Amino acid sequence: MTERLTIPRPDDWHLHLRDGAMLEAVLPETARHFARAIVMPNLVPPVVTGADARAYRDRILAALPEGADFTPLMTLYLTEQTDPEDVARAAASGLVTAVKLYPAGATTNSASGVRDFDKVRPVLEKMAEIGLPLCVHGEVTDAEIDIFDREAVFIDRVLDPIRRATPGLRVVMEHITTADGVDYVKSQDRDMGGTITTHHLIINRNHILAGGIRPHYYCLPVAKRETHRLALRAAVTGGDARFFLGTDSAPHVDAAKETGCGCAGCFTATNTMSLLAHVFEEEGALDRLEGFAARHGPAFYGLPVNEATLTLEKQADPVRFPEKIESGDGPVTVFDPGFPVHWRVAQ
Ligand code: NCD
Ligand code: ZN
């Protein structure tokens, strides 16, 4: 039995760091284990221009703990007013690594997202030309579409048409939650990647709703039925380089989660690597964790694999993770997998 596993330092290809007091509280949780992260731009107001991204990156760097080895990879929030030249400049200077597409109203702070996809066509064409990836929140927002079907419908109505209309555009289907998403990514032999979160490998929709409503398991895209969770596990342990880790760790204070209309988002930054080791071991695929968490993402983004390493060790007693992280805005509950975890990140 493997008791120790050393991999290149992992990266998180989809992360919410927020701003202000929350940024201060959650950034160390990611920087402790991850070398780089794609930082989501859904602040209020969103990170729309190159200038916004530069200012946000400066705030992140200023909040980093002393001696931390962490590089934030910035993204721009695509709006119908986004200027293709501003995007091109921000990419050329190395400031931004990707552009994020939120369909308007799809999730937390997505009101400025895209309604009319024709309006963003010039930006997408510029991105295809310069090789800048588009990260996609893959859910339609139409009220008449069942929330559990929104990802599958998005593939047919939005994602596939974008792919066909913009050859050469590099696209990441983010936080895939369905077998449909896995199959779609696999059906594309170039310019396509897919991220999968830690929590979607662990919970299905019963965890949210059966035996009482669990707000800390509610996120978007919402966890689906068990067959989909199993398809995600097969995708991440199958060694396919199109799939890589994007935790979508999305902190909200408890008061915003445990209420009559709670926010979407699971906070997994603190224990993600331990949980992934548990999941991959359970699947008999510990040797595949390295590809998923540390190699496939850099390959997609054309970045080097990190030279530093991270070691996971299995211990006899369950690892004790903090139940909550304290922030200046209030406590944030750490994702609880609901089972004992014996893998810890060695110091
Ligand atoms: C994210 C958030 O809170 O910003 N929430 C979530 O459930 N994942 C937004 C998002 O990525 O959808
Ligand atoms: Zn997200």
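For ligands, and for the atoms within them, numbers begin at 1 and follow the listed sequence. All values derive from a computational prediction rather than experimental measurement.
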Looking at R157 and D142, does any basic side-chain N land under 4.0 Å from a carboxylate oxygen? yes
Which of these passes side-chain contact (heavy atoms from CB on, under 4.5 Å) with F335: T272, I202, T197, T270? I202
For atom 8 (N) of ligand 1, closest protein heavy-atom neighbour: D248 OD2, 2.7 Å
Are T49 and D86 close enough that a side-chain donor and a side-chain acceptor fall under 3.5 Å? no
Listed as residue and atom, the protein N/O/S atoms under 2.8 Å from the Zn ion (ligand 2) are H14 NE2, H16 NE2, D248 OD1
For atom 5 (N) of ligand 1, closest protein heavy-atom neighbour: A264 O, 3.1 Å
Below the 3.5 angstrom mark, is there an N/O of L220, backbone or side chain, next to an N/O of ligand 1? yes
Any heavy-atom pair between the side chains of R163 and D191 that's under 4.5 Å? yes
Are T195 and E174 close enough that a side-chain donor and a side-chain acceptor fall under 3.5 Å? no
Walk me through whether E258 and H216 qualify under side chain to side chain contact (heavy atoms under 4.5 Å, CB included). CA-CA 8 Å; E258 300 168 3; H216 296 290; 2.6 Å; yes
Taking the non-hydrogen atoms of M40, is any one of them nearer than 4.0 angstrom to ligand 1? no
Do K314 and E281 sit within salt-bridge range, that is, some charged N less than 4.0 Å from a carboxylate O? yes
Heavy-atom pairs closer than 4.0 Å: do any link ligand 1 to the side chain of E174, the backbone, both, or neither? neither
Before signing off on this row, confirm whether G265 and ligand 1 have an N or O atom pair separated by under 3.5 Å. yes
of all protein heavy atoms, closest to atom 1 (C) of ligand 1 is H16 NE2, 3.6 Å
Without hydrogens or angle criteria, can the side chains of T178 and K224 be said to hold a donor-acceptor pair below 3.5 Å? no
Taking every non-hydrogen atom, the tightest pair across R36 and L303: NH1-CB, 3.6 Å
Check ligand 1 against H137 and write out every atom of the ligand that is under 4.0 Å from a heavy-atom position of the residue. 12 (O)
Short N-O contact, D160 and R164, less than 4.0 angstrom: yes
Pick from H14, H16, H199, H200: which one makes a ring-ring contact (aromatic ring centres under 6.0 Å, His included) with H175? H14
Which protein non-hydrogen atom lies closest to atom 9 (C) of ligand 1, naming both residue and atom, and how far is it? T107 OG1, 3.3 Å
Need the ligand 1 atom indices (1-based, order shown) with element for anything under 4.0 Å from a heavy-atom of H14. 11 (O)
K100 to ligand 1, any heavy atom closer than 4.0 Å: no
What is the ring orientation for H278 with F339, classed by angle as parallel under 30°, tilted 30 to 60°, or perpendicular over 60°? parallel
Can you tell which part of C219 has a heavy atom less than 4.0 Å from ligand 1: side chain, backbone, both or neither? both
